Each structure stands twice: as C-alpha cells, then as structure tokens.
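Have a look at the structure below before the remarks.
Side chains are part of it too, since the values below use all heavy atoms of this structure and drop only hydrogens, waters and symmetry mates. Note that the coordinates shown come from a computational prediction; the quantities given were computed from them, not determined experimentally.
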Amino acid sequence: MTTRRKGRKMAEHSPMDYAEHEKTYKLFIAMTKWGTIGVVVLLALMAVFLL
C-alpha cells in the first residue's frame with residue numbers, strides 16, 4: 001500500500017539502495033550461521049569435557 005503526500009507517492013521520497021540492503025542481509029545471514037555453528041560446537045565441547 002502506498003500513501004500519497006502532496007501528489008507524490010512515498011516511495012519517490014525514500015530511494016532505497018538495494019545493493020547495500022542485499023549486502024547487509026547476506027552479512028546478517030552469514031553471522032547467524034557462524035554464530036549458530038559456534039554455539040553448537042561450544043555445547044558439544046561442554047558435553048564432552050564437563051559431563
């Protein structure tokens with residue numbers, strides 16, 4: 001849904017840098033993946049050495 005202000009669409013006022021957006025999203029996904037892998041490895045090591 002687009003809203004209009006003074007006869008213009010809101011999308012015309014806020015240009016979005018899609019290349020930068022996709023780059024940030026890919027970085028977020030990579031950090032989430034490696035963070036999850038790190039936690040799983042840490043838990044496995046804790047299970048081996050602490051139990």
In the hydrophobic cluster built from side-chain contacts under 4.5 Å, what are the other members alongside [X]?
| X | value |
| --- | --- |
| Met16 | Tyr18 |
| Met31 | Leu27 |
| Tyr25 | Phe28, Ile29 |

Taking only residues two or more places apart in sequence or in another chain, which ones pass side chain to side chain contact (heavy atoms under 4.5 Å, CB included) with [X]?
| X | result |
| --- | --- |
| Val41 | Ile37, Leu45 |
| Leu50 | Met46 |
| Glu22 | none |

